[in-house]
Trainee: 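Attaching a single structure in structure tokens format; questions to follow.
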Amino acid sequence: MRYDFSAIERKWQARWADRETFATGTDQDKPKYYVLDMFPYPSGSGLHVGHLEGYTATDIIARFKRSRGFNVLHPMGWDAFGLPAEQFAIRTGTHPRLTTEKNVSSFRETLKSMGFSYDWGREVNTTDPGYFKWTQWIFLKLYEMGLAYVSEVDVNWCEELKVVLANEEVDEKLADGYTVVRRPLRQWVLKITAYAERLIEDLEGLDWPENVKQMQRNWIGRSEGVEIDFELRCHGTNLKVYTTRPDTLFGATYLVISPEHPMAEKLAVARQLTEVKAYIERAKLKTELERTGLQKEKSGVFTGSYAINPANGEALPVWISDFVLTSYGTGAIMSVPAHDSRDWEFAKKFGLPIREVVKSPHDVQEAVFEGKESVSVNSSNDEVSIDGLTFGTAFDRMATWLESKGRGKRKVNYKLRDWVFSRQRYWGEPIPIRHYEDGTMRPEPSLPLTLPEVEAYQPTSTGESPLANIDEWLYGSDEHGKFRRETNTMPQWAGSCWYYLRFIDPQNAEKLIDPARERYWMNVDLYIGGAEHAVLHLLYSRFWHKVLFDLGVVSTKEPFQRLFNQGMILGEDNEKMSKSRGNVIPADHVLNAYGADAVRLYEMFLGPLEQVKPWNTNGIEGISRFLGKVWRLVFPENETTPRVTDEKPAEAVVKRLHKAIRKIGDDTDLLKFNTAISEMMVLVNELHKAGCYSREAVETVLLLLAPYAPHIAEELWQVLGHDASISGAAWPVFDPGLAKDDVVTIAVQVNGKLRGTFDAPVESTKEELLREAKQVESVVKFLEGQAIVKEIVVPGKLVNFAVKPL
RNA sequence: GCCAAAGUGGCGGAACUGGUAGACGCGCUGGACUCAAAAUCCAGUGGGUGCAAGCUCGUGUGGGUUCGAGUCCCACCUUUGGUACCA
């Protein structure tokens, strides 16, 4: 009987669906395992082989854990709000809901034809009102807790199109010849900074790749410093700067404020006013990209004003420059050119003095010295001296002195900024807030607040979302008076911030999640997705989770216990898969040609899961051949009767089986699927070679293979007389005694070079191995006429003789 | 520039805490079966040298530690990902 993968795969997929084979177990006495994929945005271009990599990995784990007695939660859903469907709507008038529905069913079909064991009864969709009701509910909680507020925020504004652009759209539009300016707009902002400390601290207990944790720490960017008040000469006020190097205060030779600083114009003396105003105007026109990325050369203008250095009473000129950011610290800095590379460049360009205050190995006029390990010099006044001290103590003494003088205050700063949470778009969750005529805001009294139908999806000319055009939806009145609804919608991040919770209790109309279920299933035991989400999605999600923890909605501090980033699969040309390169391998294409089992195995056989690796369609032939060999364990070529016998397999075969059970189980646990598959190949080859077709051997192979290639495993399992699905069968257990080798090959080296080998029982003593090694024929001639200086024996591995000529 | 990861045959990759480099698969070469092909099976396959047993070189480059280094240390080169003046 031929191995007809497409008939077999169709048969089992239909059967699994009919029998709800993969419905999540409810027996709470069993241990649980929650294995989750980063759910996809259902795009119009469909799934390609790269998308399937992570999903295959989680499916193998899901099936593996089931066979080891766990209740497994393995769900799938759709992150379906988002820009592409809206842009398509703007071009064609097609409602984003229709586009989304179409794409979702195409995605679902492809995933089903991969044989993934998702519990489809738990599918969620972020655009479903029953889902986003709770996204809105969380928003209102944030609002009640004072964590959501309205603020004027600079956005990328495209004058011609009258729209706000996402950062990634800016380049594209500029290339198309549009102008983009920074312009303040009323926005909802979430106070993620209030959680900065906890977001850093709680990384500690997570099983995440160290580099992802590091990236999150860097993004949050905690720094300890001092805010110092500089008295302004002739102004009667102070200028507050933030520094992490109060130990270099004696080396400050000028101050710099950002062009947007409230004092910028006030500080300009009459003679400098025109120049200062022009500089501020120019800065306004620059986009963030121009101010940061492209511009290496420092620019700036002198205000004409001076501030007094509290440490030594010197008058320091105050400059304006756009390399100082308004949004960080106080928007003003003290410059210590000798010990900060940016300050050094600026000082060189504008001829400002450079003074060494930390002992430097070279002349600071020639090059900057930023090291913290040297001692301070030239740093003392009548009240304080830090000369001879290194960074830590110098910092402390200066901070204490400044505090005692009332000129400074220790301060912890974060790079992390509050999260701009509104979008001027149609296709997103409406922000459920009413604005009343008296200027007050109140939450919508009943959720969900759904999207109205609109005629046009273009934003309005004022920059508001299309919702601002729908009067019936927009205006209303209640006991508090007339109101206008909020026209901003939420960003795509919103729905993906908490979806892992809804999978636990997807239909609950009363609550976001049932507490008992939450306690059983949380947290997520394994979360697999692309490294591109290492910072934002995971940080936002952790933030919301902590808020929900504070509200008592969830019982864990963190949502995702173990995180794994799969590496990208490149096109056959070793380039990132993209439409424009034309190197995309569509999932359906390879599925039709080779079948789900082959694609699943090949995706995993390609290389380590975390590694970036190119696709090569030719290589899948080897997997097809392997599956053929598995099939022929049961059905010999051109025969329709199974050849499996009930004979007990030979001792050597039994040992081989136990070794394979151990190796494949260990590798699967560690997500080392490529080597697990290699072991299966070796095992199957050896069974054929040994002519062993005993039931015990063949069934073991099927059980080991089942998480990886479930369709063929089910089919042959049934052929061998089992009525129940192999997915309910237990993972085989190995006997450590049998999984061990009795005889090992010992390598014999002379001066570290391999000169021969011999077989020996594993338990051989060092003396036995030495005696044996000296008699190996190919070794003898290398020992002749040599004095053995040293004998090294590694039991079970090798013997090495270090020799010298006599 | 900075941070992170990685460089192993023609290709994807394997090698436990330093211990026989190249498992497994692709490709290629030769052979069996066949009228022929497909499928399948068998043998070979890092470079050099040799009839051969073998010898020798070999894990990005150059040094080092060690009886022994793909693995550890130092310097450098290259690639990929992240990031963009955070005081």
Side-chain angles (χ1 to χ4, degrees), chain A residues 2 209-212 214-215 218-219 221-223 225 241-245 248 255-256 288-289 291-296 298 321-325 327-336 339-343 345-346 413-417 531-532 534-535 565 567-568 570 572 574 576 601-602 605-608 610-623 625-626 628-629 632 636-638 666 672 674-682 685 688 745-757 777-778 781 788-794 796-803:
Chain A
R2 272 191 54 84
E210 200 42 53
N211 64 324
V212 175
Q214 197 52 46
M215 280 165 81
N218 292 344
W219 187 266
R222 184 182 197 278
S223 72
V241 310
Y242 176 73
T243 180
T244 54
R245 296 294 304 271
T248 62
L255 303 186
V256 189
E288 195 155 11
L289 279 168
R291 276 182 59 167
T292 57
L294 303 173
Q295 185 198 344
K296 288 284 176 205
K298 295 267 186 292
S321 174
D322 61 9
F323 84 87
V324 175
L325 306 175
S327 51
Y328 185 78
T330 60
I333 62 162
M334 65 175 212
S335 279
V336 185
H339 307 294
D340 180 288
S341 59
R342 296 155 301 183
D343 297 345
E345 274 174 46
F346 194 84
N413 255 332
Y414 300 93
K415 285 202 276 182
L416 183 69
R417 298 184 206 168
E532 65 273 22
V535 177
N565 292 130
M568 205 185 340
L570 305 173
E572 300 199 90
N574 241 306
K576 203 164 171 167
L601 281 168
Y602 189 53
F605 188 61
L606 227 40
E610 67 277 13
Q611 205 164 91
V612 177
K613 47 211 174 281
W615 180 266
N616 173 7
T617 300
N618 287 336
I620 202 170
E621 292 291 346
I623 295 290
R625 277 176 211 157
F626 166 65
K629 287 180 195 173
R632 285 192 301 278
E637 193 89 358
N638 305 321
D666 288 353
K672 291 169 73 173
N674 53 331
T675 48
I677 293 167
S678 160
E679 178 72 3
M680 290 183 213
M681 289 174 166
V682 175
N685 285 343
H688 275 295
T745 305
I746 304 291
V748 186
Q749 298 179 340
V750 177
N751 281 344
K753 284 195 172 138
L754 181 70
R755 296 303 182 190
T757 61
E777 204 190 318
S778 56
K781 62 180 173 191
I788 297 177
V789 184
K790 197 169 179 183
E791 293 167 333
I792 296 109
V793 184
V794 184
K797 286 281 179 196
L798 60 62
V799 175
N800 186 12
F801 298 107
V803 299

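These numbers were taken from a predicted model, which means no experiment stands behind them.
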Trainee: Say we look at B/G62 and B/G12: how far apart would their C1' atoms be, to the nearest angstrom?
Mentor: 29 Å
Trainee: Which part of the nucleic acid, if any, lies within reach of A/Thr244 when heavy atoms closer than 4.0 Å are counted: base, sugar-phosphate only, or nothing?
Mentor: sugar-phosphate
Trainee: OP1 or OP2 of B/C67 less than 4.0 angstrom from a side-chain nitrogen or oxygen of A/Lys790, does that happen here?
Mentor: yes
Trainee: Write down the distance between CH2 (A/Trp219) and C1' (B/A4), rounded to a whole number of angstrom.
Mentor: 16 Å
Trainee: Could you state the atom-to-atom distance from CD of A/Glu791 to C1' of B/G19 in whole Å?
Mentor: 17 Å
Trainee: For B/U71 versus B/G60, give the span between their P atoms, rounded off to a whole number of Å.
Mentor: 8 Å
Trainee: May I ask you to evaluate whether A/Lys753 reaches the phosphate of B/C57, defined as a side-chain N or O under 4.0 Å from OP1 or OP2?
Mentor: yes
Trainee: Write down the partner of B/G70 under the Watson-Crick or G-U wobble criteria, each distance required to be under 3.5 Å.
Mentor: none
Trainee: Look at the side-chain N and O atoms of A/Arg625 and state whether any lies under 4.0 Å from the OP1 or OP2 oxygen of B/A39.
Mentor: no
Trainee: When rounded to the nearest Å, what value does the distance between P atoms of B/G68 and B/U20 take?
Mentor: 15 Å
Trainee: Please confirm whether the shortest side-chain N or O distance from A/Arg755 to OP1 or OP2 of B/C55 is below 4.0 Å.
Mentor: yes
Trainee: So, is A/Asn685 close to the B/G25 phosphate, meaning a side-chain N or O under 4.0 Å from OP1 or OP2?
Mentor: yes
Trainee: Measuring only the C1' atom in each nucleotide, how far is B/A39 from B/U49? A whole number of Å is fine.
Mentor: 40 Å
Trainee: With sugar-phosphate meaning primed atoms plus P, OP1 and OP2, does A/Lys613 contact a base, only sugar-phosphate, or nothing at under 4.0 Å between heavy atoms?
Mentor: sugar-phosphate
Trainee: Using the C1' atoms only, state how far B/A75 lies from B/A21, rounded to an integer number of Å.
Mentor: 26 Å
Trainee: How close or far is atom P of B/G12 from atom CZ of A/Phe626, stated in whole angstroms?
Mentor: 23 Å
Trainee: Contact class for A/Asp343 vs. all strands (heavy atom < 4.0 Å): base, sugar-phosphate, or nothing?
Mentor: nothing
Trainee: Is A/His688 reaching over with its side chain to a backbone N or O of A/Lys629, donor-acceptor style, under 3.5 angstrom?
Mentor: yes
Trainee: Anything under 30° is parallel, anything over 60° is perpendicular, the rest tilted; go ahead and classify A/Tyr242 against A/Tyr328.
Mentor: perpendicular
Trainee: Name the nucleic acid region contacted by A/Ser223, choosing base, sugar-phosphate or nothing; use a 4.0 angstrom heavy-atom cut-off, strictly under.
Mentor: sugar-phosphate
Trainee: Taking the nucleotide of RNA chain B with the closest heavy atom to each, which residue, A/Thr757 or A/Gly331, is nearer the 5' end?
Mentor: A/Thr757
Trainee: Students often get this wrong, so: under 4.0 angstrom with heavy atoms, is A/Val794 touching a base, only sugar-phosphate, or nothing?
Mentor: base
Trainee: Give A/Asp340 one of three labels, base, sugar-phosphate or nothing, depending on what nucleic acid heavy atoms sit under 4.0 Å from its own.
Mentor: nothing
Trainee: OP1 or OP2 of B/A87 less than 4.0 angstrom from a side-chain nitrogen or oxygen of A/Tyr328, does that happen here?
Mentor: yes
Trainee: Roughly how far apart, to the nearest Å, are B/C33 and B/A38 at atom C1'?
Mentor: 12 Å
Trainee: Considering only the P atoms, how many Å lie between B/G9 and B/G18, rounded to the nearest integer?
Mentor: 24 Å
Trainee: With a 4.0 Å cutoff (strictly under), does any side-chain N or O of A/Thr675 reach OP1 or OP2 of B/G13?
Mentor: no
Trainee: Measuring only the P atom in each nucleotide, how far is B/C24 from B/G46? A whole number of Å is fine.
Mentor: 12 Å
Trainee: What is the nucleic acid contact for A/Ile792, judged by heavy atoms within less than 4.0 Å: base, sugar-phosphate only, or nothing?
Mentor: base
Trainee: Give a yes/no answer on whether the side chain of A/Lys672 brings an N or O atom under 4.0 Å of OP1 or OP2 in B/A15.
Mentor: yes
Trainee: Just to confirm, is there a sub-4.0 Å distance from OP1 or OP2 of B/G13 to any side-chain nitrogen or oxygen of A/Gln611?
Mentor: yes
Trainee: Decide, for B/G82, between syn and anti: a glycosidic angle within 90° of 0 counts as syn, anything else as anti.
Mentor: anti
Trainee: Is any side-chain nitrogen or oxygen of A/Asn218 closer than 4.0 Å to OP1 or OP2 of B/U83?
Mentor: no
Trainee: Hey, which of these two, A/Thr243 or A/Phe801, hits RNA chain B nearer its 5' end, going by closest nucleotide?
Mentor: A/Phe801
Trainee: Any donor and acceptor pair, going by atom type alone, linking the side chain of A/Asn413 with main-chain N or O of A/Ser223 inside 3.5 Å?
Mentor: no
